[in-house]
Structure formats: structure tokens, C-alpha cells
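Some notes on the structure that comes next.
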Protein chains: 2
Amino acid sequence: MTDLIDATDRAILRVVQTNATLSAGAVGRAVGLSQPAAWRRLRRLRDAGILRGRELSFDMEMLGFGVTVFLGIKLATKGRVSLEDFERVVAAIPEVRRVEHVLGRYDYRLRITARDLADFERVLRRRVMALPGVGEVEANVLLSEERLPGPL
Amino acid sequence: MTDLIDATDRAILRVVQTNATLSAGAVGRAVGLSQPAAWRRLRRLRDAGILRGRELSFDMEMLGFGVTVFLGIKLATKGRVSLEDFERVVAAIPEVRRVEHVLGRYDYRLRITARDLADFERVLRRRVMALPGVGEVEANVLLSEERLPGPL
DNA sequence: CTTGAAAAGAACTGCCT
DNA sequence: AGGCAGTTCTTTTCAAG
């Protein structure tokens with residue numbers, strides 16, 4: 001897959017990455033392009049699927065969900081429970097905000113949001129431990145996190 | 001912390017969560033509110049900091065970064081290297097897209113994006129292993145992931 | 001909180017270099 | 001490909017009920 005993206009496109013991606021609220025005109029000004037030119041490139045990037053839909057992020061703490069825990073899960077009986085089944089039932093737990101299928105010590109990593117530790121214990125015992133095929137489970141409580149621009 | 005958020009606000013949050021292309025008019029229609037009413041609530045939520053800025057997500061695979069790895073890191077000499085120093089130098093690695101300070105088996109979890117496994121090996125050996133105070137390191141290669149609406 | 005309307009701005013279109 | 005000028009649409013803001 002040869003690069004369909006040139007240096008100007010990269011500059012645009014770098015801009016919108018840190019400022020998703022920017023209009024085509026503003027993006028153009030930032031990279032030295034006119035409004036229509038920037039708009040055309042943005043549409044091209046979106047149509048190509050490189051730029052995927054926007055996502056809003058909430059302050060979960062302000063909404064009463066002060067506890068975020070990462071669960072590493074190793075399936076006990078691989079083969080007995082299909083990965084698809086496991087993913088479907090795990091995704092049905094309301095407190096699960098993210099399901100990551102990984103390779104390594106664990107088979108899955110879950111990001112879980114709860115109101116407090118007592119609430120998390122309820123989710124862990126009544127929901128997660130009740131999942132089919134769950135073997136080893138390990139928890140990491142989130143203290144703080146930072147998102148970074150990344151390469152490009 | 002009493003709830004400054006009522007049921008209508010929750011309905012709005014639920015709507016914009018799955019439809020980040022927020023437009024006051026459309027949100028209002030979805031929750032049975034007029035356009036100005038919905039707009040005022042959205043601004044209130046944003047001013048309160050509950051609704052944080054939009055974020056665009058890229059298809060990193062299309063941009064030539066096909067490998068995502070999670071690194072669990074245990075600091076070896078706690079106290080010798082301050083957490084602030086570690087976080088600062090870790091955030092300076094371009095391939096690090098996320099830094100999570102956690103409690104449990106690891107002290108930090110890093111989300112790393114690389115072009116391929118060879119590129120990831122370079123990052124791991126020349127960048128991560130060279131960090132001050134790094135003890136045990138564990139890697140999980142991402143196969144697939146899914147974001148979910150979460151509670152509310 | 002509603003409706004209605006006006007002002008501002010962003011999205012999109014042709015045409016031209 | 002990029003820029004200019006113009007049109008259309010949505011968002012935003014302000015009336016008044």
C-alpha cells in the first residue's frame with residue numbers, strides 16, 4: 001500500500017489531531033492553504049477512511065463515575081468458549097467501556113468505569129466473574145492518564 | 001457532590017455519545033427539546049467541563065502504523081526516579097500515544113504505535129528499555145478493540 | 001421554554017490560474 | 001493541484017410570547 005498521503009496531508013492530520021473543533025478554513029490557515037483546498041483534502045481523507053468520525057469524551061468523574069479499572073483476563077478453557085461469544089457477552093456489561101483483544105499474558109483487556117470501589121466490586125463479582133470461560137483476572141486501578149499526539 | 005445533571009442532560013449525553021457530530025438542532029429533536037433549549041444545555045455541559053472537546057481518531061493502519069502494543073511497566077527503583085520525571089521522559093517518545101498511571105501489578109501502562117514489529121522492537125530496545133527506573137516490562141500486542149457506550 | 005427570524009460562519013460549487 | 005468569488009446551508013444568537 002503506497003502512501004496516498006503527502007506532506008501537506010500529514011500537516012493537516014497533525015493540526016486536526018490536537019484541535020478537532022477546527023473548521024476547514026482554520027485548518028487551511030494553519031497549513032498555508034486556502035479554505036476550499038483544505039476542505040477538499042479533509043474530505044478526501046475522510047472518504048478514504050483515514051479520518052474517522054469524531055468522538056466526544058466526558059468527564060466521567062463529574063458524572064459520578066470516579067473509578068476506572070483495567071482488567072486483564074486470561075480465558076480458562078480456550079476453545080470451549082468462542083472468542084465471539086465472549087466478546088458479545090462482555091460488551092453487554094454496561095460498565096465495560098472498551099474491549100481489547102490482545103496477545104500475551106492476557107487474552108483480553110477491559111476498561112471498566114464504576115461509581116466507586118464498592119460499585120466496582122459489584123461489577124467484578126456479579127458480572128465479570130460470571131462470564132463464561134474466565135480464567136485468571138488481574139486488576140489495575142487507574143490513577144491518571146495522558147493522551148499524546150503520537151507519531152505522524 | 002450533588003448531581004448538577006438532570007435526566008434530560010443524561011439523555012443528551014447519551015445521544016451525543018453515539019453521535020459526536022453534535023448539532024444542537026438534531027440533539028434537541030432526539031430528546032424532545034427545541035433547538036435553543038438543547039443548545040443552552042449543551043453549552044452548560046461544555047462550560048461545566050463535563051463535555052470535553054471532540055477528538056478525531058485516525059486509522060493508524062492506513063497511515064502505515066499497523067502495530068499497537070500495550071506495555072505494562074513496573075518501576076525498579078521506586079523513589080530513586082520521581083514519577084514526574086518518568087512521565088515526562090516517557091511522553092517524549094513519539095510512538096507513545098497514551099500513558100496510564102495505574103495501581104496494581106504495574107506502575108504504568110503505555111499504548112505504543114509502531115509501523116511494524118521490527119519498528120516496535122526498535123522502540124522497545126532503544127527507547128523504552130533506556131528509560132530511567134524501568135524494571136519489569138510486559139507486552140501485549142493488540143489484535144482488535146471495540147469502544148462501547150458505557151454507563152450513564 | 002417556545003416560536004420565529006436575523007446574523008454569522010461554515011460547507012460546498014464553478015471557474016480560473 | 002491551488003486560489004477566488006459566490007451560493008447554500010447550518011449554527012448561533014436575539015427577539016417576543
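Both backbone and side-chain heavy atoms feed into the values below; hydrogens, waters and symmetry mates do not. Chain letters run A, B, ... following the sequence lines, proteins first and then strands; every chain starts at 1.
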Original post:
Can you tell me how far C1' of C:dC1 sits from CZ of B:Arg29, to the nearest Å?
Top reply: 17 Å

Subject >> Pairing residues for A:Tyr108 by the ring-ring contact (aromatic ring centres under 6.0 Å, His included) criterion, not counting sequence neighbours >> reply: A:Phe86, A:His101

Subject >> Single hit among A:Asn19, A:Val16, A:Thr21, A:Thr18 for side-chain contact (heavy atoms from CB on, under 4.5 Å) with B:Leu56 >> reply: A:Val16

Original post:
Over how many whole Å does the gap from B:Leu42 atom CG to C:dC1 atom P extend?
Top reply: 13 Å

Subject >> Base-contact (B) and sugar-phosphate-only (S) positions in nucleotides 11-17 of chain C, heavy-atom cut-off under 4.0 Å, - elsewhere >> reply: BBB----

Original post:
In chain order, what residues pass the salt bridge (Lys or Arg N to Asp or Glu O under 4.0 Å) check against A:Arg41, with sequence neighbours excluded?
Top reply: A:Asp6, A:Asp9

Original post:
Would you write out the dot-bracket form of DNA chain D, 5' to 3', with Watson-Crick and G-U pairs under 3.5 Å, [ ] for crossing pairs, | for pairs to other strands and . for unpaired bases?
Top reply: ||||||||||.||||||

Subject >> Salt-bridge present (B:Glu95, B:Arg122; N to O < 4.0 Å) >> reply: yes

Subject >> Sidechain-backbone polar pair: A:Glu61 side chain, A:Gly66 backbone, donor-acceptor under 3.5 Å >> reply: no

Original post:
With a 4.0 Å cut-off, would you call B:Arg111 and B:Glu145 a salt bridge?
Top reply: yes

Subject >> B:Arg52 (side chain) donor-acceptor with A:Phe58 (main chain) under 3.5 angstrom >> reply: yes

Original post:
Which salt bridge (Lys or Arg N to Asp or Glu O under 4.0 Å) pairs, counting each pair once, include a residue from residues 129-141 of chain B, with sequence neighbours left out?
Top reply: A:Arg105-B:Glu138

Subject >> Along DNA chain D, first and last positions that approach a heavy atom of chain A under 4.0 Å >> reply: D:dA1 to D:dA5

Original post:
Quick one: are B:Arg97 and B:Met60 in side-chain contact, heavy atoms under 4.5 Å?
Top reply: yes

Original post:
Does A:Arg29 CZ have over 12 foreign heavy atoms under 6.0 Å away?
Top reply: no

